[in-house]
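Have a look at the structure below, then the notes.
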2 protein chains.
Amino acid sequence: MIDVYQKMIDVCHLAGLASGLSGEMGPLQPGGNVSGPTLADVAHAAGVSYATADRVVNKRGNVAQKSIDKVRDAVTRLGYVRNVAAANLSRQRVYRLAFLIPTGTNAFFNRVREHILQTADHFSSDSVTVDIVDVPAFSVDALHACIGQLTAYDFDGVAIVGLQSVTLEKPLADLRTRGVEVIGLVSDLPREFRSAYIGIDNTVAGRTAARMTGIGNRDRGGIIQTFAGSLNARDHAERLQGFRDVIAADFPQMSVLDPILTKDDPAVLRDAANSALQADQPVSAFYNVGAGNVGLIQAIRETPGSRPFCVVHELVAHSKQALIDNHIDLVIDQRPDVEVNRAFAQLRALIDRREPPPAPDLMPTIYVQDNLPANTFNSATDTQIT
Amino acid sequence: MIDVYQKMIDVCHLAGLASGLSGEMGPLQPGGNVSGPTLADVAHAAGVSYATADRVVNKRGNVAQKSIDKVRDAVTRLGYVRNVAAANLSRQRVYRLAFLIPTGTNAFFNRVREHILQTADHFSSDSVTVDIVDVPAFSVDALHACIGQLTAYDFDGVAIVGLQSVTLEKPLADLRTRGVEVIGLVSDLPREFRSAYIGIDNTVAGRTAARMTGIGNRDRGGIIQTFAGSLNARDHAERLQGFRDVIAADFPQMSVLDPILTKDDPAVLRDAANSALQADQPVSAFYNVGAGNVGLIQAIRETPGSRPFCVVHELVAHSKQALIDNHIDLVIDQRPDVEVNRAFAQLRALIDRREPPPAPDLMPTIYVQDNLPANTFNSATDTQIT
DNA sequence: CATTTTTTGATAGACGTCGATCATTTTCTC
DNA sequence: GAGAAAATGATCGACGTCTATCAAAAAATG
């Protein structure tokens with residue numbers, strides 16, 4: 001009845017009603033020894049001293065090859081895993097993390113910031129220290145300078161809201177040669193110069209928006225007015241591309257107008273939305289790939305009568321409220337809270353040189369007014385979104 | 001350029017071990033002392049011995065109130081957080097966890113199982129052992145017996161896919177008096193007899209399904225045929241209720257037919273769906289609150305021409321495929337992988353008597369064919385779902 | 001073979017906490 | 001104010017790892 005797997009995981013099947021329930025079933029000794037072998041055990045099994053075993057596992061050098069082999073063998077034979085807690089305790093390991101986040105009164109990044117603070121607070125009992133570094137938004141030069149400065153502090157890991165630019169490659173390479181783990185967050189860095197990317201695929205986000213827009217307009221067809229901050233912004237361009245692809249392929253009865261470029265400015269967006277709402281040819285859907293939704297929502301609120309089907313990105317205070325008030329239909333969100341959690345886990349795993357915890361892919365989440373998280377987004381400032 | 005930004009960079013450092021501290025601004029000292037105060041420091045600051053401080057923080061009793069106050073005060077003043085790594089090392093803490101999961105060839109619970117195994121594997125290096133206990137599905141008696149047996153083994157925490165029954169109260173109470181932490185997973189236990197519930201609100205799930213159905217049928221209105229396994233199943237009833245509420249309130253042009261009861265049997269569902277498809281009055285939408293979607297999908301696949309708008313629950317191999325093949329429109333999923341992760345975190349937090357990590361509410365997730373996770377669900381058996 | 005170099009063994013102190021024990025001091029009770 | 005009870009202080013040995021140091025042994029070198 002009780003299967004015991006090799007590792008430390010014993011999966012035990014207590015008999016259900018079917019087979020006799022009589023009394024206590026077999027083993028699974030309550031006080032059983034569950035803690036694994038120590039390095040001392042390994043040394044003993046390998047027939048070497050603790051010191052030698054230590055030299056091997058910590059790569060201190062000056063060990064004969066045959067000793068290395070003996071120890072390696074014993075490690076695998078006994079299934080030794082080093083006790084991270086003890087190790088960190090001993091060397092007073094402190095995980096020094098830094099997050100490079102764009103500045104500004106951007107509601108989305110305020111959400112990111114908030115969650116970093118919360119998470120940092122929680123992990124403080126695990127000796128994790130966190131620095132949030134403000135970087136002027138969307139400036140390659142500023143980001144470059146910032147990354148360059150990081151080498152002055154001895155961080156163990158850095159999460160960067162990145163930009164795609166060859167300029168960044170050098171400072172990133174410098175960082176990594178100093179043993180700092182680097183990951184991209186929300187927006188990727190040059191591929192070869194980071195260990196991981198934590199963020200969504202923006203093409204997928206655009207496709208998802210398109211699917212929902214299509215579903216919401218199956219019968220009426222019609223015209224979709226799109227908005228974007230700038231087509232130079234990679235994420236905006238990708239979302240738009242994904243959106244167009246799906247509409248063209250699966251909802252041919254609808255047509256997608258070229259995006260109105262708003263620079264993510266709510267005022268611009270408001271004016272643009274207003275003129276679209278008053279156009280001769282009625283627009284049946286709005287899709288804003290970028291930020292500035294406050295303006296879009298205002299325009300909609302000001303216009304009486306029925307409104308176009310409306311999809312925007314990123315759940316923040318005002319987009320959440322607009323969902324509740326029925327001013328927009330859907331919010332496609334990238335769950336920055338989940339991303340931040342993942343970033344912490346990933347950085348710690350990289351620093352400890354172990355596998356990151358199993359976790360599903362990050363996929364854009366669809367919010368309607370009914371599946372909204374209760375957590376309030378109390379960021380005072382909510383002008384932009386990205 | 002670089003010099004310009006040298007002073008613009010604003011680094012906010014969050015001291016790792018100062019618990020309540022929000023970020024203190026200012027530059028970092030690269031080699032700065034980051035490790036926080038120890039219990040010895042606290043004792044000294046409080047003007048008591050280490051032993052007394054220890055007695056206070058570990059609640060060993062036999063301490064005068066004024067000593068307790070002095071220590072508590074020093075703790076908050078210094079921002080002492082106990083070093084979990086050291087503590088666990090010292091007491092050779094092993095987290096013995098058990099998951100009680102219904103048996104059967106249920107694709108959804110296979111997903112749960114798989115993720116438990118993966119997560120357990122990962123945490124094995126953190127001294128976490130996991131037992132998966134198979135319980136005959138939906139049987140209060142079996143669950144009762146199983147919980148009763150748990151007291152024989154000294155688990156530290158147990159996650160139970162629960163049932164609502166007063167019968168369970170006694171064994172649960174027994175477990176908890178023995179110091180075992182109990183949480184409900186996916187399906188709740190009697191409220192007073194568990195420390196937390198990890199799962200979605202099924203009313204919300206139903207509401208979400210309704211919202212999407214409404215959006216997908218705004219103009220055509222029409223009839224919605226619902227399916228349920230059994231109305232005695234609490235989750236099924238709740239989903240249906242949420243669904244009806246939203247349709248009635250926000251999409252009055254649609255009407256909801258009483259559910260066809262399928263016992264979650266694919267064959268039954270297939271027949272029911274087929275007759276609905278051939279009914280005189282055309283049905284414009286299907287909503288299955290329960291399992292057995294294989295049958296529903298078969299019926300749809302067999303019927304030529306356009307099909308009703310189709311919403312089901314739980315993303316598993318076949319529902320995923322059906323989304324891709326355009327046989328259904330939406331899957332409302334409760335992200336069992338996220339739930340399992342949360343269960344681990346919650347149990348560990350409860351056992352350590354500390355705050356669980358910050359995490360957003362669990363909300364039903366909406367999948368369309370574009371935002372599907374790449375992870376394959378390789379469960380061979382996929383008969384049922386809920 | 002003598003000398004240098006490389007490789008080993010033995011061991012010690014630290015990390016911060018836990019769970020003890022035992023002796024001492026303070027407080028309470030009558 | 002004596003005796004009992006409660007509270008406190010002092011200290012010890014774990015836990016498993018890391019980082020040393022020093023001496024001893026083995027291997028390589030000329």
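Just so it is clear, the values below take in all heavy atoms, side chains as well, and ignore hydrogens, waters and symmetry mates.
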Task: Cation-pi geometry met for A:Arg348 and A:Phe123 (6.0 Å, 45°) - done: yes

- [ ] Sugar-phosphate means primed atoms, P, OP1 and OP2; the rest is base. With that split, encode nucleotides 17-30 of chain C 5' to 3' as B, S or - using protein heavy atoms under 4.0 Å.
- [x] BBB-----------

- [ ] Report yes or no: is the cationic atom of A:Arg176 (NZ for Lys, CZ for Arg) under 6.0 Å from the centre of the six-membered ring of A:Phe193, at an angle within 45° of the ring normal?
- [x] no

Task: Atom-to-atom span, NZ of A:Lys59 to C1' of D:dT19 - whole angstrom - done: 17 Å

Task: C:dT7 phosphate, OP1 or OP2, under 4.0 Å from A:Asn62 side-chain N/O - done: yes

Open item on the list: A cation-pi test, strictly: NZ or CZ of B:Arg55 under 6.0 Å from the centre of the six-membered ring of B:Tyr50 and no more than 45 degrees from its axis. Yes or no?
Closed with: no

TODO: Before accepting this row, confirm whether a basic side-chain N of the pair A:Arg342/A:Asp337 lies closer than 4.0 Å to the acidic partner's carboxylate O.
DONE: no

TODO: Before accepting this row, confirm whether a basic side-chain N of the pair A:Arg113/A:Asp134 lies closer than 4.0 Å to the acidic partner's carboxylate O.
DONE: yes

Task: Between P of D:dC15 and CG of B:Leu89, the distance in whole Å - done: 9 Å

Task: Side-chain N or O of A:Ser49 closer than 4.0 Å to phosphate OP1/OP2 of C:dA10 - done: no

Open item on the list: Tell me every residue that passes side-chain hydrogen bond (donor to acceptor under 3.5 Å, both in side chains) with B:Arg60, counting only those two or more places apart in sequence or in another chain.
Closed with: B:Asp54

Open item on the list: In whole Å, I'd like the distance from the CD atom of A:Gln65 to the P atom of D:dA28.
Closed with: 14 Å

Open item on the list: Using whole Å, what does the distance between atom P of nucleotide D:dA7 and atom CG of B:Asp69 come to?
Closed with: 14 Å

- [ ] Round to a whole Å and report the spacing from CD of A:Gln92 to P of D:dA20.
- [x] 13 Å

Task: Interatomic distance, A:Lys70 NZ vs C:dG9 C1' [rounded to whole Å] - done: 12 Å

